[in-house]
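Down below is the structure, laid out as structure tokens.
Keep in mind that the numbers below use all heavy atoms, side chains included, and drop hydrogens, waters and symmetry copies. Nothing here was measured: the structure is a model prediction, and the numbers come from that model.
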Amino acid sequence: MSTAAQVLAIFIAVMLTVVFVMESILYRHPRLYPLFLTKPTDFDAVRLWTVNVGWYNLTTAAALVIGVILAANGHESAGEALVTFTAAQHTFLAVVLVVTERRLWLNALMEGIPAAVLLILML
């Protein structure tokens, strides 16, 4: 795995960890209403979604970090498989996000562009 791919994978992992904090812990904060298209009356309804998706993002971040560590420590094919799958998954999910809710186009770009670049680097 190239150094550029490793750096980008770690960058995406950090970004996913920040998103985890926003989705699972801070989702009630007024500054995040526009990001998640929520309002206070939605909190009970979206709690399950936000918390589960947040933890999903945290475990995906862990997969990227573990993939980089594996690749750097003699298990290159296993590490590359984790990173490649995660990059492909988030590229696909960005498309699903924008198709599902066009108003989240910026979120989709922030998720999809780094993931697509990482996927290209992994091929």
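Of the options Leu82, Val14, Val83, Leu8, a side-chain contact (heavy atoms from CB on, under 4.5 Å) to Leu64 is made by Val83 and by none of the others.
Atom CG of Asn52 is separated from atom CG of Asn57 by 11.0 Å, given to the nearest 0.5 angstrom. To the nearest 0.5 angstrom, Asn107 atom CG is 4.5 Å from Met110 atom CE. To the nearest 0.5 Å, the span separating CZ on Phe20 from OG1 on Thr50 amounts to 11.0 Å. Here the CD-CD distance, from Gln89 to Glu111, works out to 8.5 Å after rounding to the nearest 0.5 Å. Residue Ile10 holds its CD1 atom at 7.0 Å from CD1 of Ile69, rounded to the nearest 0.5 Å.
Side-chain contact between Thr17 and Leu58: present, with at least one pair of heavy atoms (C-beta onward) separated by less than 4.5 Å. Considering only heavy atoms from C-beta on, Ile12 stays 4.5 Å or farther from His90 through its side chain. Leu119 places a side-chain heavy atom less than 4.5 Å from the side chain of Thr84. Within the 4.5 Å cutoff, side-chain heavy atoms of Val7 are placed close to those of Thr3. The shortest distance between side-chain heavy atoms of Val98 and Leu104 does not fall below 4.5 Å.
A donor-acceptor pair under 3.5 Å links the side-chain atoms of Asp42 to the main chain of Lys39, judged by distance alone. Looking at Ser24, its side chain never comes within 3.5 Å of a backbone N or O of Val21 through a donor-acceptor pair. Side chain of Glu76 to main chain of Met1: a donor-acceptor pair is present (N/O by atom type, distance under 3.5 Å, no hydrogens or angles).
In the hydrophobic cluster analysis, where Ile, Leu, Val, Met, Phe, Trp and Tyr join through side-chain heavy atoms closer than 4.5 angstrom, Phe92 is grouped apart from Phe85. Grouping the Ile, Leu, Val, Met, Phe, Trp and Tyr side chains by contacts below 4.5 angstrom, directly or via other members, places Val53 with Ile25. In the hydrophobic clustering of ILVMFWY residues, with side-chain heavy atoms under 4.5 Å counting as a link, Met15 and Leu121 come out together. Cluster annotation: Tyr56 is not connected to Leu16 through the hydrophobic network of ILVMFWY side chains, with a link wherever side-chain heavy atoms come within less than 4.5 Å. Connection of Met122 to Phe11 is established within a shared hydrophobic cluster, with ILVMFWY side chains joined at heavy-atom distances below 4.5 Å, either directly or through further cluster members.
Across Thr86 and Ala63, no two heavy atoms sit closer than the pair OG1-CB, 4.1 Å. Nearest heavy-atom pair across Leu109 and Pro114 is O-CD, 3.7 Å. The two residues Ala61 and Ala13 come nearest to each other via the heavy atoms CB-O, 3.3 Å. Residues Glu101 and Arg103 come closest through the heavy atom pair OE2-NE, 2.9 Å. When all heavy atoms of Leu70 and Ala78 are compared, the pair lying nearest together is CD1-CB, 4.2 Å.
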